[in-house]
Trainee: 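Right, I'll just put the structure down here and ask away after.
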Amino acid sequence: MVRFNAARGVKDILPPETEIWQYVEYVARDLFGNYGFNEIRIPIFENTPLFVRTIGDTTDIVEKEMYTFLDKKGRSLTLRPEGTAGVVRAYLENNLYARERVSKFYYVGPMFRYERPQAGRLRQFHQIGAEIIGTDSPLGDVEIIIASMDFFNSLGLRGLTLYLNNLGCRKCRPSFKNALKKYLETNKSKLCDDCKRRVDKNPLRVLDCKIDSKKLKDIPVIGDFLCGVCSERFGRVEEMLKLLKVDYTIDPHIVRGLDYYTGTVFEVKTEALGAQDAVAAGGRYDNLVSDLGGPEDIGAVGFSLGTERLIMVIKTQGLKIPSANKTDVYIATLGEKAKDTALEVLFSLRRNGLSVETGYDKKSLKAQLRQADKSGARYALIIGDDEIEKGVFILRNMKDATQTEVKSGDIIEIILKRIE
RNA sequence: GUGGCUAUAGUGUAAGGGCAGCACGAGAGAUUGUGGUUCUCUUAGUACGGGUUCAAAUCCCGUUAGCCACCCCA
């Protein structure tokens, strides 16, 4: 017997875990709504060049992690590995910059990266993200950072740390990059093999290499190279965070794996997971809109969080989530006539907004009540042939095991009254 | 992509060359039409493919998958 397996690195999300997903997404919609973000729904796949251009052709994501395929007309398409590129593409394609000064979006959905799977690292995973496009104000940076922290806090997460860095802008980053490159070349012998490759291709990445970062003394620090505008803005971000009493740690090793980042970048890490501890990350990307052919000087900032990782933290910290979908009434029947009556009552109760269950197979009353108990129903409605003769049903309170005969004609009214 | 660990009923585990067991779950029943506790019964498993051996869940090889670290990141 051949059985089918899910593809590697993908996961079924089953009840009751889907309740956590629904709750997390509900809280996200509510909170981002309060922050002025509107939902945007963008395609799962895009033309491949969009991702190559925005994420950067020497990044790991583009070099080895994309699900890229040809369609029947030979076009190269790619399953989105992240959300920002698609959002910015949609923003430009729909000329949203002409419609409003600043656009704020959030999105929810699956992303795809061909990586070796591990707990918290899947090939299809889910992100919730938000973007502010149309301003380079430090207030945007702070809104994005605080929206993400508030989101985690409102779910009750503990043990999170916010790490912050600044990557500089078009003006100041090149001088830092050159200094770094020069330094790395003279110290090349100390580097690991991966980093030796990076020196030419993407020197910034050496900064977050765990092997080398400790060995390299007096390596250039971006902070010393920031131009006036960048350091002023970053100072303002720090001021606002302090004013709002948001704790953070400056970490010069945060460089991000996507090339479009400029200025403020951040990661939120948890102590509850293993090596896959980044639960959210983001930053400013002031050049991306113009790089994709849009107007100059449209600043933007955004972040995304990994839903699977978030839910892992929720589970390991044992956080409570409100449970939904409780059965109100379970209908049990006795006899043949009762079946038809029960059928009518079942649907009319449901049409009155009640959550009602009944059994599918012929079973003893005992078994039916057992099912009722298991379903968590507050009431069992027992419909028997004898009672039908008298024009009544038996309404049993499952919690205190009391039961009363109620007139069958009044059943909806009575149950609605008791349930509320 | 590199290195390592692991794989036994739905779930969690035991058996470490010689009869696959336990707990939970699920289903049925315990004097006729009344749930939860208790008791009884039933259900269901050695991931897949090879090899060694009289004999393999157990040893070996391969595959697949999960996990850990690296890498990377959400």
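Computed over heavy atoms, backbone and side chain alike; hydrogens, waters and symmetry mates excluded. Order of the sequence lines sets the chain letters (A, B, ...), proteins ahead of strands, with each chain counted from 1.
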Trainee: Considering only the P atoms, how many Å lie between B:U8 and B:C48, rounded to the nearest integer?
Mentor: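 Rounded to whole Å, the distance is 11 Å.
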
Trainee: With a 4.0 Å cut-off on heavy atoms, is A:N5 in touch with a base, just the backbone sugar-phosphate, or nothing at all?
Mentor: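 No contact.
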
Trainee: Remember a base hit wins even if backbone is also touched, and classify A:I382 as base, sugar-phosphate or nothing at under 4.0 Å, heavy atoms.
Mentor: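 Base contact - A:I382 has a heavy atom under 4.0 Å of at least one base atom.
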
Trainee: Applying a 4.0 Å non-hydrogen cut-off, can you work out what A:A278 is touching in the nucleic acid: base, sugar-phosphate, or nothing?
Mentor: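 Counting heavy atoms under 4.0 Å across all strands, the contact made by A:A278 includes a base.
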
Trainee: Within the 4.0 Å heavy-atom criterion, would you say A:E65 contacts the bases, only the backbone, or no part of the nucleic acid?
Mentor: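 Sugar-phosphate contact only.
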
Trainee: Which part of the nucleic acid does A:Q124 contact within heavy-atom distance under 4.0 Å: base, sugar-phosphate only, or nothing?
Mentor: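 Nothing: the residue A:Q124, judged by heavy atoms under 4.0 Å, touches no strand.
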
Trainee: Mind checking A:I311 for me? I need base, sugar-phosphate or nothing, with any heavy atom below 4.0 Å counting as a touch.
Mentor: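 No contact.
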
Trainee: Could you run down nucleotides 40-45 of chain B 5' to 3' and tag each one B, S or - for protein heavy-atom contact under 4.0 Å?
Mentor: ------

Trainee: Scan A:G120 against the nucleic acid and name what it touches under 4.0 Å (heavy atoms): base, sugar-phosphate only, or nothing.
Mentor: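 A:G120: base contact, heavy atoms under 4.0 Å.
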
Trainee: For nucleotides 25-31 of chain B, tabulate all protein N/O to nucleotide N/O atom pairs closer than 3.5 Å, reporting atom names and distance.
Mentor:
unit_1: B:G27; atom_1: OP1; unit_2: A:Q371; atom_2: NE2; d: 2.9
unit_1: B:G27; atom_1: OP2; unit_2: A:K374; atom_2: NZ; d: 2.4
unit_1: B:A28; atom_1: OP2; unit_2: A:R370; atom_2: NH1; d: 3.2

Trainee: Using a heavy-atom cut-off of under 4.0 Å over every strand shown, decide if A:G9 touches base, sugar-phosphate, or nothing.
Mentor: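 A:G9: backbone/sugar contact only, no base atoms under 4.0 Å.
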
Trainee: Each nucleotide in nucleotides 1-6 of chain B should get exactly one letter: B, S or -. Can you fill that in based on protein heavy atoms under 4.0 Å?
Mentor: BBBB--

Trainee: Contact class for A:R113 vs. all strands (heavy atom < 4.0 Å): base, sugar-phosphate, or nothing?
Mentor: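 A:R113: base contact, heavy atoms under 4.0 Å.
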
Trainee: Using 30° and 60° as the class boundaries, would you call the ring planes of A:Y285 and A:Y261 parallel, tilted or perpendicular?
Mentor: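 Answer is perpendicular, since the angle exceeds 60°.
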
Trainee: What's the CD-C1' distance between A:Q276 and B:G66, to the nearest Å?
Mentor: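 My rounded result for the distance is 14 Å.
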
Trainee: With the threshold set at under 4.0 Å for non-hydrogen atoms, list the residues of residues 77-88 of chain A touching RNA chain B in residue-number order.
Mentor: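 The stretch gives none, as no residue of it lies under 4.0 Å from the strand.
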
Trainee: Regarding A:A401, tell me which of base, sugar-phosphate or nothing describes its non-hydrogen contacts under 4.0 Å with the strands shown.
Mentor: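 The residue A:A401 makes base contact.
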
Trainee: Tell me whether the side-chain N or O atoms of A:Q368 pair up with the base of B:U34 as donor and acceptor below 3.5 Å, since no angle test is needed here.
Mentor: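 Side chain to base: no pair below 3.5 Å.
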
Trainee: Roughly how many Å apart are B:C19 and B:C24, using the C1' atom of each and rounding to a whole number?
Mentor: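 Their C1' atoms lie roughly 25 Å apart.
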
Trainee: Tell me, please, which residues at least two apart from A:F45 pass ring-ring contact (aromatic ring centres under 6.0 Å, His included).
Mentor: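 A:F45 satisfies ring-ring contact (aromatic ring centres under 6.0 Å, His included) with no other residue.
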
Trainee: Let me check I have this right: for RNA chain B, each base becomes ., (, ), [, ] or |, based on Watson-Crick or G-U pairs with both distances under 3.5 Å. What is the full string?
Mentor: (((((((..((((....[..))))((((((.......))))))...(((((..]....))))))))))))....

Trainee: Identify whether any heavy atom of A:I394 sits under 4.0 Å from a base atom; if not, whether one sits that close to sugar-phosphate; answer base, sugar-phosphate or nothing.
Mentor: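 The residue A:I394 makes base contact.
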
Trainee: When we call it a touch if two heavy atoms are under 4.0 Å apart, what does A:I128 touch: a base, just sugar-phosphate, or nothing?
Mentor: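 No contact.
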
